[in-house]
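Scroll down for the structure; my scribbles are underneath it.
Note that this is a predicted model, so its numbers are computed, not measured. Per chain, numbering begins at 1; letters A, B, ... match sequence-line order.
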There are 2 protein chains.
Amino acid sequence: MPPRQNRPTINQVAAAAGVTKSSVSRAFTRPEMLSEETVRKIFAAAEELGYVPNHTARALSTGRHGNIALIVPDVANPFFPPLIRAAQAEADRSDYCVFLGNSDENPKQEDKLIGRFGGQVEGFVLVSSRLSDAQIIEHAGRAPLVLINRDVPGIPRVLIDSATGVAQAVAHLAELGHRKLVYVGGPHGSWSNKQRRSAVRRAARKLGLEVVVISNEFPAFEFGRKVTPSVLATGATAAIAFDDLTAQGMLAELAEQGVAVPDDFSVVGCDDVLGAATFPALTTVSNRSVEAGRAALNLLMDMLQNQAIRDVRYVLDTSLVIRKTTGPAESALQ
Amino acid sequence: MPPRQNRPTINQVAAAAGVTKSSVSRAFTRPEMLSEETVRKIFAAAEELGYVPNHTARALSTGRHGNIALIVPDVANPFFPPLIRAAQAEADRSDYCVFLGNSDENPKQEDKLIGRFGGQVEGFVLVSSRLSDAQIIEHAGRAPLVLINRDVPGIPRVLIDSATGVAQAVAHLAELGHRKLVYVGGPHGSWSNKQRRSAVRRAARKLGLEVVVISNEFPAFEFGRKVTPSVLATGATAAIAFDDLTAQGMLAELAEQGVAVPDDFSVVGCDDVLGAATFPALTTVSNRSVEAGRAALNLLMDMLQNQAIRDVRYVLDTSLVIRKTTGPAESALQ
DNA sequence: GCTTGACATGCAACCGGTTGCATTAAATAG
DNA sequence: CTATTTAATGCAACCGGTTGCATGTCAAGC
């Protein structure tokens with residue numbers, strides 16, 4: 001095993017190049033201050049020794065770490081990975097490293113993570129944060145912070161407006177003749193959930209449909225299955241789920257129970273994370289998480305450059321993607 | 001906006017508590033060295049001022065950053081998120097922060113990321129690394145490093161042995177009467193791909209089946225669609241895909257072309273990332289990525305404790321999950 | 001030929017902690 | 001009651017860079 005952990009320091013390079021460490025430091029940060037020859041000499045010595053500036057030491061004296069933190073409720077929820085990837089790529093373009101945190105839908109955990117990261121990051125992106133407004137405002141006061149899918153006035157935020165798509169979904173179901181539908185909700189603290197729920201209610205009221213709301217905490221396939229009997233028990237003929245995973249779980253349970261989709265019952269998902277991979281292919285609301293990740297990172301980078309914090313509210317709207325899980329109400333269960 | 005960035009330092013706490021900074025430092029790191037009363041005094045002062053130790057400064061003097069880096073080829077590939085989540089949770093238990101890197105299946109990018117992270121992490125986990133053995137060995141010499149799904153002797157590694165499951169898949173197809181099958185490959189540098197390919201070949205030889213191998217670089221739904229015509233052109237009656245995503249793409253394209261699965265053609269995936277969500281539900285090889293993530297992190301934590309590096313080769317084996325995309329060859333296309 | 005700048009480099013303090021050793025006070029031993 | 005431990009705390013160097021200011025050099029300006 002080769003020797004480990006003894007990277008050369010600025011002092012060794014300085015000695016090798018016959019200059020002081022100030023010059024070495026400048027050669028790497030502001031070479032225009034030095035004569036070309038000195039810079040050349042220093043680079044040669046650095047190369048020779050395999051010198052790489054120590055990130056930590058630099059961060060300590062400059063206060064700039066070149067790191068940001070991205071916190072999501074659940075990495076394994078397919079909504080997030082594309083967003084994470086987009087954010088990551090964007091950070092990379094500015095030579096930033098990304099800490100990833102998984103809050104497990106838990107405000108305590110989220111707070112703990114922010115504390116752990118704080119002090120080694122220049123800024124935060126909180127996705128679908130489960131923290132209270134007050135907590136978010138407090139953290140935003142300590143470090144640049146951008147929200148995704150959380151609407152706190154004064155804090156820069158990127159919102160995927162699923163309300164537009166959800167309203168279209170309700171209209172679509174109304175057109176198909178459905179009169180009563182269930183909204184199968186998501187996590188309590190979720191802004192997206194509130195937004196979707198109220199969009200369903202609003203659209204339904206306008207169109208004269210009846211709505212029943214059923215809640216749950218951890219959006220996932222399994223929950224979709226468990227909740228299905230209560231959904232059917234309402235006597236509704238269609239359901240709009242908080243997300244595709246929940247919808248998928250419902251689809252599986254409906255199939256199990258011999259309820260045909262869309263003939264007997266219509267299902268609409270949200271976020272289009274499964275594409276056309278379910279059977280029947282899921283009617284759902286489109287998702288713009290990649291753009292959201294990118295936009296949030298740009299916003300954050302912007303804040304890090306000119307530390308003026310503008311009250312940005314960047315909204316991405318969505319639309320209904322009609323596939324095969326919605327059909328006429330005539331034939332549906334009554 | 002509240003004042004930003006002026007966190008109290010150890011000196012201010014020291015002044016407030018009427019002690020020196022050494023004592024404050026010790027109160028947080030080795031309180032047993034101090035009298036109970038002093039510790040109490042210091043904690044009170046720290047609490048009062050809202051003091052939090054500066055991670056960066058601490059890392060600089062101790063060399064321990066409390067960070068690790070996890071690098072994957074593609075965050076958005078559904079194989080990885082559960083693994084990431086498991087690794088994350090495990091890191092969390094030891095109060096470690098996780099940098100996430102996305103190499104885009106690109107060795108250059110992977111190398112760049114390792115460089116960027118190096119110096120602020122104590123160790124690396126490389127998942128399905130696309131680097132050369134030599135590069136991996138070099139990096140492993142500089143910092144503790146654990147591999148997942150990459151088999152380099154001398155480097156601690158966790159391997160998901162899909163060979164067992166793949167062999168079962170071939171046997172299953174043989175039993176169904178198939179005589180010729182296609183292996184639809186994955187990325188060139190991928191250990192898993194090599195392993196699966198040779199497992200297919202070996203099992204096929206043993207059972208007297210004919211195998212055609214078709215390759216691709218970026219495993220994904222789209223590729224699965226694109227490759228399907230060439231797969232059909234071989235005249236084979238079944239295919240085993242490098243991963244579920246590729247298989248899913250094939251399923252979509254087969255449906256499009258009116259080829260019935262499993263009546264006309266059988267498809268087997270690998271990694272079971274989609275569960276039963278495809279239609280028909282995909283026959284695939286089980287996946288143990290959660291355990292792999294957990295195991296890799298435990299290994300790494302172990303290496304960080306007692307820096308002895310043992311040559312660990314931890315193998316998790318897999319099995320075939322039979323669902324609905326495989327059927328008898330009799331009725332298949334000829 | 002002496003002053004004035006501009007430019008290149010060095011000096012030393014600083015970022016915010018940690019830690020080996022020295023110092024002091026209190027406790028125990030002889 | 002003095003000698004010796006032992007426990008608690010302080011001192012100062014160190015981790016590896018960055019940066020404001022001082023210094024020195026050389027060329028142009030008058």
Side-chain angles (χ1 to χ4, degrees), chain A residues 4-43 45-46 49-67 115-116 118-122 142-143, chain B residues 4-43 45-46 49-67 95 116 118-122 142-143:
Chain A
R4 170 173 297 187
Q5 291 288 40
N6 47 3
R7 312 201 319 180
T9 75
I10 203 172
N11 283 300
Q12 302 178 33
V13 177
V19 295
T20 57
K21 58 180 192 163
S22 322
S23 295
V24 178
S25 172
R26 290 186 182 115
F28 282 90
T29 52
R30 294 149 66 186
E32 72 284 359
M33 280 186 72
L34 267 39
S35 75
E36 288 187 19
E37 198 199 320
T38 307
V39 172
R40 224 183 343 261
K41 236 171 29 188
I42 293 173
F43 280 170
L49 292 158
Y51 168 75
V52 180
N54 180 314
H55 201 103
T56 310
R58 182 175 281 179
L60 181 58
S61 57
T62 62
R64 265 171 282 116
H65 310 70
N67 299 330
R116 241 218 266 306
Q120 48 180 343
V121 301
E122 292 176 42
R142 254 193 282 281
Chain B
R4 167 174 298 186
Q5 292 287 43
N6 46 4
R7 311 201 319 181
T9 75
I10 202 173
N11 283 301
Q12 302 178 33
V13 177
V19 295
T20 59
K21 58 180 192 163
S22 323
S23 296
V24 178
S25 173
R26 291 187 180 113
F28 283 90
T29 52
R30 294 149 67 185
E32 73 283 0
M33 282 185 68
L34 269 38
S35 75
E36 288 188 18
E37 198 199 323
T38 307
V39 172
R40 222 184 345 262
K41 237 173 27 188
I42 292 174
F43 280 170
L49 292 156
Y51 169 76
V52 180
N54 180 315
H55 201 104
T56 309
R58 181 175 282 179
L60 181 60
S61 58
T62 62
R64 265 171 283 116
H65 309 70
N67 299 330
D95 288 339
R116 242 219 264 306
Q120 49 181 341
V121 301
E122 291 176 43
R142 255 194 282 282

- Query: Using a cut-off of less than 4.0 Å, is there contact between a side-chain N or O of Thr38(B) and OP1 or OP2 of dA8(D)?
  - Reply: no
Which pairs of donor and acceptor atoms, one on a side chain in residues 34-42 of chain B, lie under 3.5 Å apart (sequence neighbours left out)?
residue, atom, partner, partner atom, Å
Ser35(B), OG, Thr38(B), N, 3.2
Ser35(B), OG, Thr38(B), OG1, 2.7

- Where at least one partner belongs to residues 49-60 of chain A, residue pairs that pass side chain to side chain donor-acceptor pair (under 3.5 Å), sequence neighbours excluded: His55(A)-Gln120(B), Thr56(A)-His65(B)
- Message: By the 4.0 Å heavy-atom rule, please label Val24(A) as base, sugar-phosphate, or nothing.
- Response: nothing
Could you give the side-chain donor-acceptor pairs of residues 19-33 of chain A under 3.5 Å, partners two or more places apart or in another chain?
residue, atom, partner, partner atom, Å
Thr29(A), OG1, Ser25(A), O, 2.9

- Ordered by number, residues from residues 26-36 of chain A within less than 4.0 Å of DNA chain C (heavy atoms) are Arg26(A), Met33(A), Leu34(A), Ser35(A)
- Message: Roughly what angle, to 10°, lies between the helix axis at the start of the helix from dG1(C)-dC30(D) to dG30(C)-dC1(D) and the one at its end, five pairs per end?
- Response: 50°
- Message: Mind checking if Ser25(A) touches a base, just sugar-phosphate, or nothing, with heavy atoms under 4.0 Å?
- Response: base
- Message: Quick check for you: name the first and last nucleotides of DNA chain C, 5' to 3', having an atom under 4.0 Å from a heavy atom of chain A.
- Response: dA8(C) to dG16(C)
- Query: What heavy-atom pair brings Ala45(A) and Ala17(A) nearest, and what distance separates the two atoms?
  - Reply: CB-CB, 3.9 Å
- Task: Assign Thr62(A) to base, sugar-phosphate, or nothing according to its heavy-atom contacts below 4.0 angstrom with the strands shown.
- Result: sugar-phosphate
- Closest nucleotide of DNA chain C for Thr56(B) versus for Arg64(B): which of these residues is on the 5' side? Thr56(B)
